[in-house]
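Before any comments, here is the structure.
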Amino acid sequence: MREKPRISATKLAEYMCASFARKRAILQENKFPQEVAMVRWTQAERPIAQYVAEGSSELGFLDREIEKLQATDPDTEFKTQNRDLCVEALETFKQLSNQLLLTDFKRSVGPTRQSMPIAINGVVVSVLPQIILESMTRKGEKVVGGVKFSFPKSHPLKETSAEFLSTLVHWHCEEHLSTLGRSDMRLCYAVDVPTSTVFQPPKTYKRRRQYIQEACHEIVQRWPNVPAPTGYTEADT
C-alpha cells in the first residue's frame with residue numbers, strides 16, 4: 001500500500017475525465033498497486049520506443065520483436081497473458097508507425113524505468129515519456145518535448161484526456177529536461193496504441209495545468225479514505 005498519493009501520468013489524464021466510480025477505481029489501483037500490473041507493458045514499450053527513436057520505417061524490426069515474444073514459454077498465467085498483450089500492442093503499433101516518423105526532431109529513448117516524478121499539490125506523478133524530442137526554433141533556441149504512449153485497451157485515450165497527458169509531458173520536460181532546452185508544448189505528443197491514434201499537442205497548457213492541480217488537491221483529500229480492493233493483502237505489493 002502506498003501511504004502517500006502517487007499516480008502515473010496516463011492514469012491521472014484518465015482521472016481528469018472519468019466518472020466518480022472510475023475515479024474511485026483509479027485511486028484504488030494506485031494506492032494498492034499490484035506488482036504484476038506495474039510491469040505489464042515493458043516488453044512492448046521498449047521496442048516501440050527504440051523503433052521511433054531510430055526513425056526507422058522498416059517494420060522488420062517490430063516483426064522480429066514479435067517473433068521473440070512468441071517464442072517465449074512463460075511459466076505463469078500472468079506472464080502468458082502479458083506476452084500476448086505485448087504481441088498485440090506491437091502488431092497494432094505497426095498500423096500507426098508511419099505517423100510517428102517525427103523527422104523534424106532529434107529523437108532518443110526516454111528513461112522508461114528511472115524515477116523522475118513531478119510533485120503536484122501533494123501528489124507524486126510519474127510521467128516518463130518513452131521518447132524525448134529535441135529541436136531548435138528559427139531564432140536558434142533549443143526546445144525539448146516528448147512522446148507518451150498509452151497501452152491499455154479498456155480505457156483508451158480520448159481527445160481531452162490526451163491533451164491532459166500532453167500537458168503532463170510538457171510539465172515533466174520543464175522540470176527534468178531543462179538542460180536540453182525549453183519545454184515546448186508543440187513537441188509533446190500523446191499516442192493511444194490500441195486505437196492507433198496520434199493526438200496533436202494542444203496549443204496552450206496553463207488552464208489544463210490549473211485543472212490538474214485542482215484534481216491533485218482532490219486526490220490528496222480522498223487518498224486516506226480510499227478502501228482496499230476486495231481480496232487485497234499487503235503481500236501483493
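Heavy atoms only: backbone and side chains are in, while hydrogens, waters and symmetry mates are out.
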Measure the spacing between CZ of Phe105 and CD of Glu134 and express it to the nearest 0.5 Å. 11.5 Å
Quick one: are Leu187 and Pro201 in side-chain contact, heavy atoms under 4.5 Å? no
When Val127, Ile26, Asn30, Ile7 are each screened for side chain to side chain contact (heavy atoms under 4.5 Å, CB included) with Leu12, the one that passes is Ile7
State, yes or no, whether a side-chain contact exists between Val220 and Val123 at a heavy-atom distance under 4.5 Å. yes
Rounded to the nearest 0.5 Å, what separation is found between the NZ atom of Lys142 and the CG atom of Asp184? 15.0 Å
When you check the gap from the basic side-chain N to the acidic O, do Glu88 and Lys153 get nearer than 4.0 Å? yes
Residues, nucleotides or ligands: over 12 heavy atoms within 6.0 Å of Gln99 CD: yes
Is Thr80 reaching over with its side chain to a backbone N or O of Thr76, donor-acceptor style, under 3.5 angstrom? yes
A cation-pi test, strictly: NZ or CZ of Arg222 under 6.0 Å from the centre of the six-membered ring of Phe20 and no more than 45 degrees from its axis. Yes or no? yes
Test side-chain contact (heavy atoms from CB on, under 4.5 Å) on Ser183 and Trp171 and set out the steps. CA-CA 8 Å; Ser183 182; Trp171 207 332; over 6 Å; no
Indicate if Leu165 and Val125 have the same hydrophobic cluster label, given that clusters are the connected sets of ILVMFWY residues with side-chain heavy-atom separations under 4.5 angstrom. no
Do Ile118 and Ile120 come close enough that some side-chain heavy atom pair is under 4.5 Å? yes
I need the Asn121 CG to Glu214 CD distance, nearest 0.5 Å. 9.0 Å
Measuring from Glu45:CD to Phe151:CZ, what's the distance to the nearest 0.5 Å? 5.5 Å
Could you tell me whether Gln70 atom CD has more than 12 heavy atoms of other residues or ligands within 6.0 Å of it? yes
Tell me, do Val124 and Lys4 make a side-chain contact under 4.5 Å, heavy atoms counted? no
Validation row: Thr10, His155 side chains within 4.5 angstrom (heavy atoms): no
For Cys86 and Leu69, work out which heavy atoms get closest and say how close. CB-CD1, 3.9 Å
Nearest heavy-atom neighbours spanning Leu90 and Pro47: CD2-CB, 4.1 Å
Residues which pass salt bridge (Lys or Arg N to Asp or Glu O under 4.0 Å) with Glu175, listed by chain and number, not counting sequence neighbours: none
4.5 Å side-chain heavy-atom contact, Tyr15 and Ser161: no
Can any side-chain N or O of His176 pair as donor or acceptor with the backbone N or O of Pro117 at less than 3.5 Å? yes
Apply side-chain contact (heavy atoms from CB on, under 4.5 Å) to Ile131 and Phe149, showing your working. CA-CA 9 Å; Ile131 301 293; Phe149 297 109; 4.1 Å; yes
Check whether any side-chain N or O of Arg6 sits under 3.5 Å from a backbone N or O of Lys31 as a donor-acceptor pair, and report yes or no. no
Of all residues at least two apart in sequence or in a different chain, which pass the ring-ring contact (aromatic ring centres under 6.0 Å, His included) check with Phe199? none
Any ion pair linking Asp63 and Lys94 (charged N to carboxylate O, less than 4.0 Å)? yes
Hydrophobic clustering (ILVMFWY, side-chain heavy atoms < 4.5 Å, transitive) - are Leu157 and Val198 grouped together? no
Salt bridge check, Glu14 against Lys11: does any charged N sit closer than 4.0 Å to a carboxylate O? yes
State whether Glu218 and Lys23 are salt-bridged, where the test is any N-O pair (Lys NZ or Arg NE/NH1/NH2 against Asp/Glu carboxylate O) under 4.0 Å. yes
Under the side-chain contact (heavy atoms from CB on, under 4.5 Å) rule, what do Ile132 and Arg107 come out as? Steps first, then yes or no, please. CA-CA 6 Å; Ile132 305 301; Arg107 303 165 304 277; over 6 Å; no
So does Asn98 have more than 12 non-hydrogen atoms from other groups sitting under 6.0 Å from CG? yes
Side-chain (Thr197) to main-chain (Thr195) donor-acceptor, under 3.5 angstrom: yes
Here the gap from Lys148 atom NZ to Asp192 atom CG, rounded to the nearest 0.5 Å, amounts to 13.0 Å
Do side-chain atoms of Thr167 reach the backbone of Arg208 as a donor and acceptor pair under 3.5 angstrom? no
Any sub-3.5 Å donor-acceptor pair from Glu141's side-chain atoms to Arg182's backbone N or O? no
If only atom types and distance count, is the side chain of Ser166 paired as donor or acceptor with the main-chain N or O of Cys188 below 3.5 Å? yes
Is there a path from Leu59 to Leu96 through hydrophobic residues (I, L, V, M, F, W, Y) whose side chains come within less than 4.5 Å of each other? yes
Mind listing the closest non-hydrogen atom pair of Phe32 and Pro227 along with its distance? CE1-O, 3.4 Å
Using every non-hydrogen atom in the two residues, find where Val144 and Gly181 come nearest and quote the distance to one decimal. CG1-O, 3.5 Å
Using the rule salt bridge (charged side-chain N to carboxylate O under 4.0 Å, His left out), only one of Arg2, Arg24, Arg22 pairs with Glu29; which is it? Arg22
Applying side-chain contact (heavy atoms from CB on, under 4.5 Å) to Leu133 and Tyr189, what does each step give before you reach the verdict? CA-CA 10 Å; Leu133 300 177; Tyr189 291 84; 4.0 Å; yes
Quick one: does Phe93's side chain get under 4.5 Å of Ser196's, heavy atoms only? no
With distance as the sole test, does Arg83 use its side chain to make a donor-acceptor pair with the main-chain N or O of Thr72 at under 3.5 Å? yes
Ring-plane angle category for Phe61 and Tyr51, please: parallel below 30°, perpendicular beyond 60°, tilted otherwise. parallel
For Met185 versus Tyr205, what's the shortest heavy-atom pair and its separation? SD-CB, 3.7 Å
Spacing of Leu100 atom CG and Ile48 atom CD1 [to the nearest 0.5 Å]: 9.5 Å
For Cys17 and Thr160 the tightest heavy-atom approach is SG-CG2, 3.5 Å
Tell me, do Ser150 and Val193 make a side-chain contact under 4.5 Å, heavy atoms counted? no
Is Tyr211 linked to Val169 within one hydrophobic cluster, defined over Ile, Leu, Val, Met, Phe, Trp and Tyr using a side-chain heavy-atom separation of less than 4.5 Å? yes
